Engineer: 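Take a look at this one; I'll ask things after.
Here the structure is a predicted model, which means the values were calculated and not measured.
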Amino acid sequence: TCIDTNECVANIGSCDENATCSNTAGGFLCECNEGYQGNGAVCELADCPENASLNGEGRCTCNSGYNDNDDPISWSSPSQAWGGACSDDDECALGTDNCDANASCDNTAGSFVCACNNGYSGNGVTCSDDDECALGSDNCDANASCTNNPGGFECTCNDGYTGDGLTCQDDDECALETDNCDVNAT
């Protein structure tokens with residue numbers, strides 16, 4: 001009777017270093033390990049799905065800003081390919097962004113962008129109130145005073161003037177009888 005030689009133990013098999021050798025009756029079989037594709041004698045890294053990359057353990061995982069919650073990434077031995085898909089995380093909706101309270105958050109593919117709201121300056125992560133009154137960027141009437149508020153300003157007509165602060169008209173104190181003239185004066 002013949003005795004089968006285990007080519008894998010005897011290291012006769014010519015399997016790739018990224019393949020597993022399996023002894024068979026009268027021969028051996030080389031199969032590429034998970035994450036590799038080829039004929040077993042030659043194995044190359046398999047491409048990860050879009051928006052995924054190999055981690056330190058040779059497995060595909062979604063890149064930062066993406067998740068595989070809807071279609072988990074997994075290795076398919078028969079097809080020698082990674083399956084699954086990475087979907088964008090909406091950091092703004094999830095509240096995982098680091099935008100300032102006075103900034104807007106806009107989701108982008110795999111990330112997000114912060115922008116300071118009107119009336120504030122900064123990089124979106126840190127926003128400071130603009131003092132429109134001190135900067136002279138207010139639109140108050142020349143006969144009004146400007147008061148800075150968080151994110152904006154308020155215009156108030158000066159004494160002796162009436163209006164909304166953006167437009168102020170001189171009060172006619174004589175016609176309004178709000179003057180302090182003597183009754184015998186004109």
Engineer: Can you find a pair of side-chain heavy atoms, one from Y120 and one from P150, that are under 4.5 Å apart?
Structural biologist: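 Yes; the side chains approach each other to less than 4.5 Å.
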Engineer: Are the side chain of N18 and the backbone N or O of C43 linked by a donor-acceptor pair below 3.5 Å?
Structural biologist: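 A pair under 3.5 Å: no.
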Engineer: Are S104 and C114 packed together at the side-chain level, in the sense that at least one heavy-atom pair is separated by less than 4.5 angstrom?
Structural biologist: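 They are not in side-chain contact.
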Engineer: Could you tell me whether a side-chain N or O of N107 sits under 3.5 Å from a main-chain N or O of F112, the two making a donor and an acceptor?
Structural biologist: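 Side chain of N107 to backbone of F112: no pair is present.
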Engineer: Checking D130 side chain against E132 main chain: does a donor-acceptor pair fall under 3.5 Å?
Structural biologist: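 No: the side chain of D130 does not pair with the backbone of E132.
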Engineer: Just verifying a value: how many Å separate Y161 OH and T156 OG1, rounded to the nearest 0.5 Å?
Structural biologist: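 So the OH of Y161 and the OG1 of T156 are separated by 15.0 Å.
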Engineer: Measuring from Q37:CD to W82:CH2, what's the distance to the nearest 0.5 Å?
Structural biologist: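 Those atoms lie 11.5 Å apart.
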Engineer: Answer yes or no: is there a donor N or O on one side and an acceptor on the other, between the side chain of N158 and the main chain of N143, under 3.5 Å?
Structural biologist: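 Looks like yes, one N/O pair under 3.5 Å.
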Engineer: When you check the side-chain N and O atoms of N63 and S53, is any donor under 3.5 Å from an acceptor?
Structural biologist: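 Yes - a donor-acceptor pair under 3.5 Å links their side chains.
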Engineer: Using modelled atom types only, decide if a donor and an acceptor are shared between the side chain of N39 and the backbone of V42 within a distance under 3.5 Å.
Structural biologist: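 The answer is yes, because a donor-acceptor pair under 3.5 Å joins these two groups.
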Engineer: Under a 4.5 Å cut-off applied to non-hydrogen side-chain atoms, are C30 and F28 in contact?
Structural biologist: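 They are in side-chain contact.
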Engineer: Do the non-hydrogen side-chain atoms of C92 and D106 ever get within less than 4.5 Å of each other?
Structural biologist: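 Heavy-atom side-chain distance check fails, nothing below 4.5 Å.
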Engineer: Tell me if the CG atom of N117 is crowded by more than 12 foreign heavy atoms within 6.0 Å.
Structural biologist: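 Yes, CG of N117 has more than 12 neighbouring heavy atoms, counting only those of other groups under 6.0 Å.
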Engineer: Checking N33 side chain against Y36 main chain: does a donor-acceptor pair fall under 3.5 Å?
Structural biologist: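 Judged by distance alone, no pair lies under 3.5 Å.
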Engineer: Okay, side chain of D68, backbone of C86: is any donor-acceptor separation there less than 3.5 Å?
Structural biologist: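 No; judged by distance alone, with no hydrogens or angles, the pair does not exist.
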Engineer: Are C116 and S121 close enough that some pair of their side-chain heavy atoms sits under 4.5 Å apart?
Structural biologist: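 When only atoms from C-beta onward are counted, S121 and C116 do not touch, as no gap falls below 4.5 Å.
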Engineer: Hey, is the main chain of G38 close enough, under 3.5 Å, to the side chain of Q80 for a donor-acceptor pair?
Structural biologist: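 Confirmed, Q80 side chain pairs with G38 backbone.
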